Protein chains: 2
Amino acid sequence: MAERTSSSKIYLEVVESLRSMIEADSLLPGDKIPSERELSDRLNVGRSSVREALRALELLGLIETRRGEGTFIRDFQEHKLVELLGTFFLQDKKVQEDLAETKRLIEIDCLRIVAFFATAEDIKRLIAWVRAGEFRDDDFFLRIAILNRNRLLERIWRIINSYARTSEMVQGNVRKEEYLALLTYLLERDEEKAIETYLIRIRNMSKDE
Amino acid sequence: MAERTSSSKIYLEVVESLRSMIEADSLLPGDKIPSERELSDRLNVGRSSVREALRALELLGLIETRRGEGTFIRDFQEHKLVELLGTFFLQDKKVQEDLAETKRLIEIDCLRIVAFFATAEDIKRLIAWVRAGEFRDDDFFLRIAILNRNRLLERIWRIINSYARTSEMVQGNVRKEEYLALLTYLLERDEEKAIETYLIRIRNMSKDE
DNA sequence: CAGGCCGCTGTGGTCTGACCACTAGATTTC
DNA sequence: GAAATCTAGTGGTCAGACCACAGCGGCCTG
């Protein structure tokens, strides 16, 4: 490859090359990318530089490596990222509060969308699931997040939830009746009541947002 | 360090060691971390492994390296992350829609919070700013996001906005009167009207969420 | 022929030692 | 005292060497 970007770091150039390579060959999750040695050859850089780029992308969750097999594009989701950012600097008090608040906001958004757009079947399925067995609070809201059909919002929720879990603001004992009440309101498309139930009976808050 | 995690990758152990090292010495943004060679010594691993870890953290935006000086903890914000994830796989149509929807949801959340908790002075200041000169739509909502005092939510908005900008769903010509109307409702704490104004007059949508 | 063993090849994982480029601070020089 | 210089330390990069592991094909045995 050209080495015009003279002063910048090689491993970043490799990242960039990989990006365009993926784009050019329209590689999809699961596909294999060239081996480290081949990349090193093709790009005229040392193998260690290639590795630095690959390790970085791996930590980002963009690729996956299997020793003896090769390096593959990953169906990205569930990056290491979460645990990382989380444990790295999330000890502050204010941050914790923001976290909790944001989580509530996102969950309410999801509830709104579900109240509007989810099919009755979906909601009934969820009711059956609640009745069926034990679950944690975040199991429940994960399902809500999935129901909302907005993959990005779902992902944001997942990330925030992971943060929240590493810092134990989890709530253990769920009372099924509260969740059932919530679902019933959703089934009736009563957005207002549903959110009220969520805030007061599930999150034990007063009426402010 | 112990090397019990026999089968896992060394560079990940280094990342972990760095994490606890930072925690133990309560290092803050701007502080220097040990040199690559020293880490390599202290942890009994090759320098290349240390570098793989550092490069990964660098791409994540957690640290910053300056040749000839050393490696420093970074005031994290503005990671490379955004551009990366963005350019890597965000070409899909559905993803674009989700993006737009999520952005609207977050913005509405911010508006709600501002309507409840922002001081009249803050809002008036914003009104003055709108009157004062030209601005882009995202300039405006960045200020809204900042007003809401939830740093995490603000960060999420920033990220989503960056995504959105790389894929040009930006709107150019703003009409000040719409934004002023919105702010007036906020000043009157009329959440409902404010959101209606946002959706219909600023985002040109019908009444659904 | 079927099944399993073996070794070859290619891949990632890691280490070492060698340079280079650059910075900052100490040293020397004027 | 100020300016130029030297030097030690740091990140940036490379080449080459092993190791561990997965996959494949060929060979042997039943």
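Note that the structure is predicted; figures quoted are calculated from it, not measured.
- Counting 5' to 3', DNA chain D first comes under 4.0 angstrom of a heavy atom of chain A and last does so at the ends given by D:dG12 to D:dG23.
- By the 6.0 Å and 45° rule, B:Arg203 does not stack over the aromatic ring of B:Tyr198.
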Can you give me the N/O atom pairs linking the protein to nucleotides 15-19 of chain C at distances under 3.5 Å, or say none if there are none?
{"unit_1": "C:dC15", "atom_1": "OP1", "unit_2": "B:Gly46", "atom_2": "N", "d": "3.4"}
{"unit_1": "C:dC15", "atom_1": "OP2", "unit_2": "B:Gly46", "atom_2": "N", "d": "2.8"}
{"unit_1": "C:dC15", "atom_1": "OP2", "unit_2": "B:Ser49", "atom_2": "OG", "d": "2.6"}
{"unit_1": "C:dC15", "atom_1": "O5'", "unit_2": "B:Gly46", "atom_2": "N", "d": "3.4"}

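- Regarding B:Phe72, its CZ atom lies at a distance of 9 Å from the P atom of C:dA24, rounded to whole Å.
- Taking all atoms of both residues into account, the shortest heavy-atom contact from B:Lys103 to B:Asp137 is NZ-OD2, 4.3 Å.
- With A:Arg175 contributing its side chain and A:Arg201 its backbone, the two residues share a donor-acceptor pair below 3.5 Å.
- A side-chain contact (heavy atoms from CB on, under 4.5 Å) with B:Thr71 is found for exactly one of B:Leu57, B:Ile33, B:Leu18, B:Val50, namely B:Ile33.
- What separates CG of B:Leu43 from P of C:dT14 is a distance of 13 Å, to the nearest Å.
- Considering only heavy atoms from C-beta on, A:Leu27 stays 4.5 Å or farther from A:Met21 through its side chain.
- Distance B:Glu36 CD to C:dT23 P: 16 Å, rounded to the nearest Å.
- Using a cut-off of 4.0 Å between Lys/Arg side-chain N and Asp/Glu carboxylate O, B:Arg55 and B:Glu52 are scored as not salt-bridged.
- Looking at which nucleotide of DNA chain C each of A:Glu69 and A:Arg51 is closest to, the 5′-most match is held by A:Glu69.
- In this structure, the salt bridge (charged side-chain N to carboxylate O under 4.0 Å, His left out) partners of B:Arg47, at least two apart in sequence or on a different chain, are B:Glu36.
- For the pair A:Arg19 and A:Glu16, the salt-bridge criterion is met [side-chain N within less than 4.0 Å of a carboxylate O].
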